[in-house]
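These figures come from a predicted structure and were not determined experimentally.
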Amino acid sequence: PDGSVVSLNAETSLSYQPYWWSFGRSLQFSGEAFFEVAKGEQFTVHSAEGKTQVLGTSFNIYARNKDYKVFCRTGKVKVSSSKTAWNADITAGEMAKIDNVNEVGEKTKTEYKDFMWWKNDKFSFVNENLANVFAEIERQFDVKVSNKVPNIAALEMTGSFEKHENAAETLALICQNFDLNFQKLNENTYLVLKK
């Protein structure tokens, strides 16, 4: 209602109470989204993992599987853990990461391109566990990727590439880097295995 714009990534939900909006700009959120907040009163995004408060800025929130990461593109935001007392103010080019499992948080510098790949129809991974890479393919293409890859927890991927038309093209690109094959079991299910 205030003119703010939110771009949602796959498997993301966002809700607010229209009546209460005029008393305080507050949203419930899970998933990943990029926020461009119109200047005004405090704007707060709540999730199970953390809370982000801003006045007028642009930022990306990733809140999935107990991970909470906030990248500030412009302005300044305050990031707080929902589980601990950790909080930090971050400004443009900084990221706050909250690990609620180990009850720690950190603030680091990062590049826009390293964190905002999904807005540009790209994939980008830095030392990412291969199981998490497959989970992202599932999310982006609304498919199921099962795997019978031994020691998958030990395999990590680093690289960036354009998002392909479909899951099969993307899986082919990833599998060739790890000497893996995949089979299409049905319209929305794939199985990845060792060659």
Salt bridge Glu103-Lys83, side-chain N to carboxylate O under 4.0 Å: no
Got a donor-acceptor contact below 3.5 angstrom from the Ser4 side chain to the Ala38 backbone? yes
Look only at the side chain of Glu94 and the backbone of Thr91, and say whether a donor-acceptor pair between them is shorter than 3.5 Å. yes
Side chains of Tyr68 and Thr52, heavy atoms from C-beta outward: is any pair under 4.5 Å? yes
Would you please indicate if the ring centroids of Tyr62 and Phe34 are separated by under 6.0 Å? no
Sequence-distant partners of Glu156, salt bridge (charged side-chain N to carboxylate O under 4.0 Å, His left out), two or more places apart: none
With a 6.0 Å cut-off (strictly less than), is the heavy-atom count around CG of Asn166, excluding the residue itself, greater than 12? yes
Using modelled atom types and a 3.5 Å cut-off, is there a donor and acceptor pairing between side-chain atoms of Asn186 and backbone atoms of Thr189? yes
Would you say the side-chain atoms of Asn177 pair up with the backbone N or O of Leu173, donor to acceptor, closer than 3.5 Å? yes
So does Val54 get a backbone contact from the side chain of Lys78, meaning a donor-acceptor N/O pair under 3.5 Å? no
Are there more than 12 heavy atoms of other residues, nucleotides or ligands under 6.0 Å from atom NZ of Lys184? yes
Can you find a pair of side-chain heavy atoms, one from Ile98 and one from Val79, that are under 4.5 Å apart? yes
In the structure I gave you, are the side-chain heavy atoms of Ile152 and Asn147 within less than 4.5 Å of one another anywhere? yes
Please check if the side chain of Glu138 supplies one atom and the backbone of Val145 the other of a donor-acceptor pair under 3.5 Å. yes
Passes side chain to side chain contact (heavy atoms under 4.5 Å, CB included), Phe35 versus Phe43? Steps please. CA-CA 11 Å; Phe35 295 77; Phe43 186 101; 4.2 Å; yes
Take Ser7 and Lys119 through the side chain to side chain donor-acceptor pair (under 3.5 Å) test and state the conclusion after the steps. CA-CA 8 Å; Ser7 302; Lys119 274 197 56 97; 3.3 Å; yes
Can you check whether Ala131's main-chain N or O pairs, donor with acceptor, with Asn129's side chain at less than 3.5 Å? yes
First locate atom NZ of Lys122, then atom CD of Glu162, and finally report the distance between them rounded to the nearest 0.5 Å. 5.0 Å
Is there any side-chain hydrogen bond (donor to acceptor under 3.5 Å, both in side chains) pair reaching into residues 21-36, and which pairs are they, with sequence neighbours excluded? Asp2-Arg25, Asn9-Glu32, Ser13-Ser30, Ser26-His46, Glu32-Asn60, Glu32-Trp118
OG-CZ distance between Ser58 and Phe71, expressed to the nearest 0.5 angstrom: 8.0 Å
Any cation-pi pair here, Lys76 with Phe59, using under 6.0 Å and within 45°? no
Would a distance-only check, ignoring hydrogens and angles, find a side-chain to backbone donor-acceptor pair under 3.5 Å from Thr12 to Gly31? no
To the nearest 0.5 angstrom, please state how far the CD atom of Glu128 sits from the OG1 atom of Thr158. 9.0 Å
